[in-house]
Amino acid sequence: MASHSVLDELKRTQILELLEQGKRVDGRALDEARELSIEINAIPKANGSARIRLGDTEVVCGVKIQPDRPFPDTGDKGLFICTAELLPLSHPTVETGPPQPPVIELARVTDRGIRESHMIDVSQLVIEKDKSVIGVFADNVVVDYDGNLFDACSYAATAALLTSKTPKWNWTDEKPVLSEGEEGQLPINTIPVSVTMGKIGNYIVVDPNGDEWASMDARVTITTDSDGNICALQKGGNDGFTLDEIVKCGETSIKVGAQIREKLKSSSQENQ
Amino acid sequence: MASHSVLDELKRTQILELLEQGKRVDGRALDEARELSIEINAIPKANGSARIRLGDTEVVCGVKIQPDRPFPDTGDKGLFICTAELLPLSHPTVETGPPQPPVIELARVTDRGIRESHMIDVSQLVIEKDKSVIGVFADNVVVDYDGNLFDACSYAATAALLTSKTPKWNWTDEKPVLSEGEEGQLPINTIPVSVTMGKIGNYIVVDPNGDEWASMDARVTITTDSDGNICALQKGGNDGFTLDEIVKCGETSIKVGAQIREKLKSSSQENQ
Amino acid sequence: MASHSVLDELKRTQILELLEQGKRVDGRALDEARELSIEINAIPKANGSARIRLGDTEVVCGVKIQPDRPFPDTGDKGLFICTAELLPLSHPTVETGPPQPPVIELARVTDRGIRESHMIDVSQLVIEKDKSVIGVFADNVVVDYDGNLFDACSYAATAALLTSKTPKWNWTDEKPVLSEGEEGQLPINTIPVSVTMGKIGNYIVVDPNGDEWASMDARVTITTDSDGNICALQKGGNDGFTLDEIVKCGETSIKVGAQIREKLKSSSQENQ
Amino acid sequence: MGGRDATMVLLDENGIRCDGRKIDEPRRIMIKAGGLKNADGSAYIEFGDNKILVGVFGPRDVHPKHMSNTDTGILRVRYHMEPFSVGERKNPAPSRREIEISKVIKEALEPAVMLEKFPRTAVDVFIEILQADGGTRCAALTAASVALADAGIPMRDMVAAIASGKVADTIILDVNNEEDQAGQADMPIGYMPSEEKITLLQLDGVLTPEEYKKCVEVGVEGCKLVYDLQKKALHDKYFGEKAD
Amino acid sequence: MGGRDATMVLLDENGIRCDGRKIDEPRRIMIKAGGLKNADGSAYIEFGDNKILVGVFGPRDVHPKHMSNTDTGILRVRYHMEPFSVGERKNPAPSRREIEISKVIKEALEPAVMLEKFPRTAVDVFIEILQADGGTRCAALTAASVALADAGIPMRDMVAAIASGKVADTIILDVNNEEDQAGQADMPIGYMPSEEKITLLQLDGVLTPEEYKKCVEVGVEGCKLVYDLQKKALHDKYFGEKAD
Amino acid sequence: MGGRDATMVLLDENGIRCDGRKIDEPRRIMIKAGGLKNADGSAYIEFGDNKILVGVFGPRDVHPKHMSNTDTGILRVRYHMEPFSVGERKNPAPSRREIEISKVIKEALEPAVMLEKFPRTAVDVFIEILQADGGTRCAALTAASVALADAGIPMRDMVAAIASGKVADTIILDVNNEEDQAGQADMPIGYMPSEEKITLLQLDGVLTPEEYKKCVEVGVEGCKLVYDLQKKALHDKYFGEKAD
C-alpha cells in the first residue's frame, strides 16, 4: 500500500478533479463516513467481540479478559491493552513477519484513543492490590483492506468492549480464583470515537477509502468522547496542515463522531 | 536437501528402476532398516546420552534432568521436552540461524512419538506439587546426514532416556535441594520405536537413506510401543497414500519396530 | 570500517613508510596515546556519567544504579554490567540492527577489563542476601568514531564509575525501599586502564587512530590495575604476535596505563 | 491422553457423545466460498465452534526471485491463530505448533494443486483461525481447498478433511475439543475422494492395530461427507440463486 | 492523565508552574549546529533537561537498491533512547514507542526537505536521546531540522517544535516531565513558520473544543520562538565569531 | 577470580593439582582427524573432559555474492555449544560469549590459512562443543586446525592451543574447569610453532609483570606439545596402519 505507481497517479488526478467539483469517487459528501455495519459477538468464545465493516474495510476484534500481574508502579489499576494486526489475506501487498512501523502506529493510535478517553475504569479492575489485577486485551485483526484502518479498528474495539462480559475472580490462597457463574459488564465511562480525515490537495475528506488513502498528502485522526471533548489526536502523512485546517478538523471530528457514537450505542444495546 | 537438480532426477530414475526389480540402491530389502549402532553414555557429564548411527546418519542425544517449574495447569506432572537440531557440519546445505519448518517438524514429531507413548511416567517427576517438578530435556543434534532423521533422533533419544540416571531433590526451605549420592532410573513405562517409510513411485521402503529421501514422493512415520500398539503417526511429503498403503505401513511399523526395540533394549541393558 | 578499498591500501603504504622513519601519521611517538579529554557528569540525571574524547573518538557513558535480583548462585554479590554500542551517527558505515560480532567483542572486552580488575567491590552491593542486590550498569555509546574504541569505552566507563553516586536501599516489607537523601560513592578497589596496541607491519603503535586501525594486521588490548599488574588481555586481528612482542606490549601497557590513570584520577577528584 | 478430567462421560450407555452426537456424526459444518474483496479466492468455514477464514493470492511473482522454481509453481501456506481464538489469549508470535501445521497443510494440498501449470510463480494460502474448537487443521484444510478452487487455481481434486479418534474405547468421527483433551486418540485425515489419496494423516494416542485400521476407514468415510459440503459451497456461489 | 501525584501543585495562585515558569514560558533551550566529525551534518540541543544529539548522512546510495525510488529521494529517521537516558535503565531493544516516534518525526520532516532534488538516494537522520525530560520528540525534531540544514540538504523551511498542554485547567506552553505525568493534556506541535504548516501534531488528554483551539494556537506561537533559536544556531556556526 | 570455593585445595604441598597433575602437565589429549562423511574435512578432540567435533566445508561459493571478496577467500567460524554440553542445560540461542569466541578463533586461524589461494570463495569451520570442561576454546582451535588440514585447505602451519594460568600463586599449564572457577588467572594461547606466532591470546585474572611473562612462555611451550599430537593425528589418518 506504500508504493506509488503510474496507476496511483492517475487515480489521484481523477480524485482531485472530482473534489474540485465537490464530489468524491464513491459519491459521498466530503464530511461523510462510509456505511458502518457492526456484527456483535462474532467470536462467542471470547469475552467480547465484534466484526465490523466500514465500507469495504473489515476488522474483527476479540476481547480477552483474564487475571494478570499489575505494573510495579500502578498496583491499584487493571490493564488495558489494544492491538492491531494486518492479516496477509486483507490485501496482496501485506507481508507476514514482524509488524512494520505503519502497523505499530496503527496499534498504538487505536490503543491511545481508547485509553486517553478513560473509556474503561481500570481502577475497578483490581483483584488484589499490588498482586493481581484484571487485564483486558482487545485484539484487532484486519481481514479486508479498503483504507482508513484507524477508524475501523477503533470502532471494532469499542463495539467489542461495550458488549464484553467480564468474569469475576476472588483472591484465595494467594491466587485469583474464578467465581463461577458471575459475570458483569466492563466499567465503562465514555464512548470514544475516532474520526480520520485525509488531506488531498486542498481538500479534506472524512474516512478516506483505499484509493483516497493512497492519494492523500496528510491525515489526522481525532478521537472525541461522549461529552464532545477531544481526547486524542495523531497527524500523519508527508505533508502538513494549516492551523485553520486543524481547528476545522476538530469540529468535524465532533460532528461526525456524534453520529457514529449513536450507531455504536444502538448496536451494543441490541446485544445486551 | 530440498533443491532438485538434474543429478537428483537421475538418482530417482535409477532408484525406481532398481525398485521395479525388487532391489534398493544399497542392497537392502524394501522393509529392511539400515544397521543401527548405539554408543551409550557418549556424554558422561549429561544425565544420560547416546551417540547412534543409522547407516551413515549420525545423531548425538544428551539428556539433562533438572528442577523446573510446572506448567500452571499440570502442577502434578514433571516436564518432558525433546528437541532436535541439524548441526551445520552434518551436510553442506544446512544453514545456521533459526530453525526452518522441516527441523521444527522433526523436533515435534520426535517429541510427540515419545510423549504419546507415555514412555516416561511424568507423574512420578514431582518434587513439590504445583511448585517444583523434575524436567527431563532430551536434546538431539544431527552430526552426519544420510536421510531419515525422524528415526535416528527417536532412537538416540530413546536410548539416552533408557539409560539416564536421575538425581533426587527434596523440597526444603521453599526450594528444591539436591540429595547428594542418590541416583535412580527414570520411571519408564514402555519403549517407543518410530519407523519411517518412504513412498517412491508405487513402492514403499523402510528407513530411506539420503538418496531415497531426496527421491521420494511421500513419507509416513509411525511409532509403536512395547505392546505392539500404534501411538503416533505423521505423514509428510507432497504426495499421498492410499488407504491400503496406510494400513500396510501400520503393519510394517509394528514388525520392524519390534526388531529395533530389541536392539534398544539390549544396548541399554549392557549399560545399566 | 571493515571493507578494504584501494584508498585503504594507499593509506597503509603511507603509514608504513612513515613508521619506517619512526613517525606516525598524526605526529605521535609510537608509544604515545592521543589526547584524552574528560567531561564528568555529562548526563546529570544518571547516577554517574562521562563524555570523553580520545583524539576524535568520542564516547558517552551513563551509569545507572538500581536494585536487581542476584544471580541464583551468587546471592552475596551485586551486579556489574558494562555494555557498548556504536551509534549510527558515529560513522557512515555503522548499521542499525542487532549488534554485530565486533561490537559484541567490544562490549565484552570493555566489561571484562573492568570486571577482572575487581574495580568495584560487588560484595558491598547487597541489599538482602539472595533476594535483592544493587545492580551497576555502565552503558557506553560511541558518538564519533576515529579508531580504538576499546580504550575509549574503557576510559569513559571508568571515569563515570569513579564519580558515580549510589543511592541506598533498605529491605522493608520484602522489597528494597529507597532511603531518601542518602548517597555514597561506589566501593572502588582499583583503577583499571586498558591500553590497545596495533601491529602494522613489524611496528607496534599505541592507541591506533581510525586510519591506523584500518591498516593494522593485529592488535592487543591489555588492562592493568593501580598496582601495575596485568588483569585482562585480548588479542585480535587476522595476524599474530611473537612472544617477545607480547611481552613488550605488556610493559608498554603498564607504562602508558600509569599516565592515563593519573589523568582519570585527577579528573574524577575535580568532580567529587 | 490420560485425560485431565476423568469424570467427564465421553460416551453414554446409548452411544451418545458429550455434545449429543452419535459416534459417526460430524459436528455442524457450514462452508461459504468467497467473501473477501481483495483476495483472489477465499472461503469461510464454521466446523463445530471452529471459525476459520482462508484467503488465496496467486499465481503471482516470487520475491526474492531465487526462491522461485523454473519447472513448477510453489505453494506457500500460513496457518495462523488470532490472539482471541483460544481460551487463554495467545501470544501473537508464531508458535512452533503453527509452523508445523502450516507445513502439514501445505503438503496435504500439494498433491491436489497442479503446480506444474504455473512455473516460476507462487500461490499463497493464508489461513486465519478466528475461533478454535478442536480439529482446526482439518477444518482449515477443508476451507483452503475451497478457497483455492474459488481463486481458479487448477486442481486435480479438492482435499476434504476431518478427524477420527477414540473415546471410551470406541472409534468415533470428528473429535471435538473435549474429546481431544480427555479422549484416547485423535487422527486428523485429509483425503482426495476422486484420487483416493490420503494427503494428511497424523495420530496422537494409542490404538491397537485393529483400531488403527478402523480409525483410518472411519476418517476416510467422514472426508467424503465433508467433500459434498465443499462442492455444495462452490455450487452455491457459482450456480446458486444467490450467485453474483 | 488523572495524575499519579495528585498532591503536586502544578500551577500556583500567581500563575507560576512547578518549575518556576510562567504559563507561556518555554524551558531553557540551547541549540548548537555541528559538532560531530563523521556525520555530514549534526546538531546538539538542550531543551530543559533534554539532551539530544542528531547526526545526518546523505544524500547517499540506498542498499538494497530496490528500496530506493527513481523519482525522489527518501528520508529515513531513527529516534533512539540511550539506556541511561531515562529514570529506570531502558532495555536496549527498540521499543514500539521509539518506532512510532521515528515515523512521526519522519513525516514531520518530509514536508520540509526537498526530497525531489536527490532521486534514488537517501538521507538518514539519527536522533540520540542522551537524557530525557518530557518533550523529547519536539526537541528531537527541532534539532533534526538544524542538523539537516547543517548537512546542506535543500529545505523549504525548518520545522520548529514544542508542546503545548493543559495543567490545572489552564493552557500552557512547553510541557515538562512532571506536567506530562500529572497534567491533563499534552500536545506536541511541529510547525514550519514560513510555510505556515503544522507537520507534527499529537494529543493525549482531554480538551474542550475551545481549549483545543487555544492549545494549537499557543503551540504554534511557541514554535516561532524555537524557530528563532534554530536560525541563531546556524548563524552562530556559519557567520558567528566562533565560526570555523 | 576470588574463587567461589575458597576451601578447595588447588595445589598441594607436593606441587600436585586438584586432578592429580603436575604444574606443567596437560590433561589427556586425544585427537582424531576425519570421521564425518559429509564434511570436506573434520576432526574430533577429547581434551580432558572436553569433547569437541569440528567440520569444515569449502572452499565454496558465497551467498549472497556481495559478501565475497574478489581478492581473497574468507574464513567463517561458528563456535557452538550443545544444550547438554554444560552443567545446567544451555539455552539453544547463540550467546554473546559464543559469538565472541567464534570471532576470536576465526582471527586465530586466519594467519594460518592461505586465504589468498581461493579468492571469491569461503571456507566454513563449524565447531560443536559436545561436552565442556574448561578450555573449550583452545581445544576447539586445536581441532579446527586439524579439520582444515584434513579438508586439504592450503595452510602455512597449524595453530596449536592450550591455556596457561595461575593457581595458588603458581603458574600452571592447561587450566581445567575447577582451576578456572577458583583460580587466579586463565590465559588461553594459540600458537603456530613453525611461524613462531601467537595468534590467540586472552587473559582473565591478575598477574604481576613477571608472572605475565612466565605465563606466556609456559603457554607457548604447551602449544608445542599439542602441536605434536595434531601432527600425529594427521599422520595416523593418512599414513597410519588404520589409514583408509
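Worth knowing before you read on, the calculation uses all heavy atoms, side chains too, and leaves out hydrogens, waters and symmetry mates. Reminder, nothing fancy here: chain letters follow the sequence lines and each chain counts from 1.
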Visitor: Let me know if D/Leu207 has heavy atoms under 4.5 Å from chain B in its side chain, its backbone, both or neither.
Guide: both

Visitor: Where do D/Glu98 and D/Lys90 land on the salt bridge (charged side-chain N to carboxylate O under 4.0 Å, His left out) test, with the steps shown first?
Guide: CA-CA 12 Å; D/Glu98 285 170 287; D/Lys90 185 192 168 290; 2.9 Å; yes

Visitor: At a 4.5 Å cut-off on heavy atoms, which part of D/Glu211 comes close to chain B: side chain, backbone, both, or neither?
Guide: neither

Visitor: Could you look at D/Glu196 and say if it's the side chain, the backbone, both or neither that has a heavy atom under 4.5 Å from chain B?
Guide: backbone

Visitor: Can any side-chain N or O of D/Glu179 pair as donor or acceptor with the backbone N or O of D/Asn176 at less than 3.5 Å?
Guide: yes

Visitor: Which residue out of B/Gly113, B/Gly250, B/Ala107 racks up the most heavy-atom pairs below 4.5 Å with chain D?
Guide: B/Gly250

Visitor: At what distance, to the nearest 0.5 angstrom, does OG of D/Ser102 lie from CZ of D/Arg137?
Guide: 10.5 Å

Visitor: Between the side chains of B/Ser194 and B/Asp151, does any donor sit under 3.5 Å from an acceptor?
Guide: yes

Visitor: With a 4.5 angstrom heavy-atom cut-off, which part of B/Asp225 approaches chain D: side chain, backbone, both or neither?
Guide: side chain

Visitor: Given the ring of B/Phe241, does B/Lys199 sit roughly above its face, with NZ or CZ under 6.0 Å from the centre of the six-membered ring and within 45° of the axis?
Guide: yes

Visitor: If we define contacts as heavy-atom pairs under 4.5 Å, which of D/Thr199, D/Thr208, D/Leu201, D/Val104 has the most with chain B?
Guide: D/Leu201

Visitor: Could you tell me which portion of B/Ile254 (side chain, backbone, both or neither) has an atom closer than 4.5 angstrom to a non-hydrogen atom of chain D?
Guide: side chain

Visitor: What is the distance from atom CD1 of D/Ile162 to atom NZ of D/Lys224, rounded to the nearest 0.5 Å?
Guide: 13.0 Å

